[in-house]
S.K.: 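Please see the structure below; I have some questions.
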Amino acid sequence: MQEQMKLSEAKEKYIQTWGTFATNWGINRTMAQVHALLLANGKPLSTDEVMEQLEISRGNANMNLRALIDWGIVKKEFVKGDRKEYFVAEKDIWYLFKQITKERRKREIEPVISFLEELKNIEDNDSQEAKEFIKLMDDFSSVTGKINNIMDLAIKSDDHWLVGKITNLLK
């Protein structure tokens with residue numbers, strides 16, 4: 001039987017572990033920790049609170065909060081009577097998945113597609129070696145295009161539709 005932990009311990013473990021997991025997906029560890037902290041908190045947090053709870057510098061906190069805003073998964077929220085900026089994370093997990101997928105596609109997949117197209121545009125394309133190289137780039141383009149299409153479907157779908165499609169694929 002698993003031992004129960006205090007809420008504060010569970011939140012801390014979540015924030016630290018989420019940061020570690022994120023590095024496996026190519027996302028900045030601190031950015032993931034800031035996002036996890038905002039997700040797990042019941043109220044908006046100021047930059048000072050983020051700095052204090054994660055023990056990071058103001059510059060690091062500001063840079064990662066701005067990046068999360070750019071990704072569309074964190075918003076500024078104003079607290080009446082306070083001049084500080086406060087931040088809150090989008091809590092709709094399906095929306096988060098779609099936004100992160102959209103950003104990853106823009107930053108990782110779309111540049112690969114452009115790069116592969118550029119590599120196929122070679123002058124001496126009549127030789128056997130050139131034809132083999134172009135075929136290899138076509139094959140890479142095909143797979144990358146399919147990944148891009150899957151990501152596009154996920155971004156445009158609602159949660160019930162995609163779950164149904166994935167379930168059908170797994171049968």
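Treat the numbers as computed from the prediction; the structure is a model and nothing was measured.
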S.K.: Are any non-hydrogen side-chain atoms of Gln53 and Asn41 less than 4.5 angstrom apart?
M.R.: yes

S.K.: Over all heavy atoms of both residues, which pair between Pro44 and Glu77 is shortest? Give the atoms and the distance, please.
M.R.: CG-OE2, 3.0 Å

S.K.: Can you give me the closest heavy-atom contact between Trp18 and Ala32, atom names plus distance?
M.R.: CD1-O, 3.7 Å

S.K.: Just checking, is any N or O donor in the side chain of Gln16 or Glu12 under 3.5 Å from an acceptor N or O on the other one?
M.R.: yes

S.K.: Going by the salt bridge (Lys or Arg N to Asp or Glu O under 4.0 Å) test, which pairs reach into residues 15-28, not counting sequence neighbours?
M.R.: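 Every candidate salt bridge (Lys or Arg N to Asp or Glu O under 4.0 Å) pair involving residues 15-28 fails, so no pair, neighbours aside, qualifies.
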
S.K.: More than 12 heavy atoms of other residues, nucleotides or ligands under 6.0 Å from NZ of Lys6: is that the case?
M.R.: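 It does not: Lys6 NZ has 12 such atoms or fewer within range.
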
S.K.: Answer yes or no: does atom CD of Glu129 have more than 12 heavy-atom neighbours from other residues, nucleotides or ligands under 6.0 Å?
M.R.: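 Counting neighbours around CD of Glu129, 12 or fewer heavy atoms of other residues, nucleotides or ligands fall under 6.0 Å, so no.
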
S.K.: Would you name the heavy atoms of Asn125 and Lys131 that are closest together and state the gap between them?
M.R.: O-CG, 3.8 Å

S.K.: Does either side chain, that of Asn64 or that of Asn60, offer a donor lying less than 3.5 Å from an acceptor on the other one?
M.R.: yes

S.K.: Would you give me the side-chain donor-acceptor pairs under 3.5 Å for residues 109-119, sequence neighbours excluded?
M.R.:
unit_1 : atom_1 : unit_2 : atom_2 : d
Ser114 : OG     : Glu110 : O      : 3.4
Glu117 : OE2    : Lys120 : NZ     : 2.9

S.K.: If you measure from the Lys or Arg side-chain nitrogens to the Asp or Glu carboxylate oxygens, is any gap between Arg66 and Asp70 under 4.0 Å?
M.R.: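 Here Arg66 does not pair with Asp70 in a salt bridge, since their nearest N and O are not under 4.0 Å apart.
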
S.K.: Given side chains that start at C-beta, do those of Phe87 and Lys76 come closer than 4.5 Å, heavy atoms only?
M.R.: yes

S.K.: Mind listing the closest non-hydrogen atom pair of Trp94 and Ala154 along with its distance?
M.R.: CZ2-O, 4.4 Å

S.K.: Do Ile147 and Val143 have side chains that approach each other closer than 4.5 Å (heavy atoms only, starting at C-beta)?
M.R.: yes

S.K.: If I take atom CD1 from residue Ile73 and atom CD from residue Glu90, how far apart are they, to the nearest 0.5 angstrom?
M.R.: 9.5 Å

S.K.: For Met51 and Ala61, which heavy atoms make the closest approach, and how far apart are they?
M.R.: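 Shortest heavy-atom contact: CG-CB, 3.7 Å.
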
S.K.: Any side-chain donor paired with an acceptor under 3.5 Å for Gln99 and Lys102?
M.R.: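 Short answer, yes.
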
S.K.: Side-chain contact, heavy-atom cut-off 4.5 Å: Glu49 with Tyr86?
M.R.: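 Glu49 reaches Tyr86 side chain to side chain.
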
S.K.: Say whether Tyr14 and Ile56 are linked into one hydrophobic cluster, either directly or through other cluster members, by side-chain heavy-atom distances under 4.5 angstrom.
M.R.: yes

S.K.: For the side chain of Ser142 and the backbone of Asp138, is there at least one donor-acceptor N/O pair under 3.5 Å apart?
M.R.: no

S.K.: Over all heavy atoms of both residues, which pair between Asp124 and Ala130 is shortest? Give the atoms and the distance, please.
M.R.: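 In terms of heavy atoms, the two residues are closest at O-CB, 3.1 Å.
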
S.K.: Where do Met63 and Thr30 land on the side chain to side chain contact (heavy atoms under 4.5 Å, CB included) test, with the steps shown first?
M.R.: CA-CA 10 Å; Met63 180 180 66; Thr30 305; over 6 Å; no

S.K.: So do the side chains of Trp71 and Met31 get within less than 4.5 Å of each other, counting heavy atoms only?
M.R.: yes

S.K.: Would the number of heavy atoms belonging to other residues, nucleotides or ligands and lying under 6.0 Å from CZ of Phe140 be above 12?
M.R.: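 Count not over threshold, so no.
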
S.K.: Is a salt bridge present between Lys106 and Glu103, judged by a nitrogen-to-oxygen distance below 4.0 Å?
M.R.: yes

S.K.: Find out whether Ile93 and Leu96 are in side-chain contact, i.e. whether some heavy atom of one side chain is under 4.5 Å from a heavy atom of the other.
M.R.: yes

S.K.: Does Lys91 NZ have over 12 foreign heavy atoms under 6.0 Å away?
M.R.: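 More than 12 heavy atoms, drawn from other residues, nucleotides or ligands, come within 6.0 Å of this atom.
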
S.K.: Could you list the residues that satisfy salt bridge (charged side-chain N to carboxylate O under 4.0 Å, His left out) with Asp48, not counting sequence neighbours?
M.R.: Arg58, Lys84

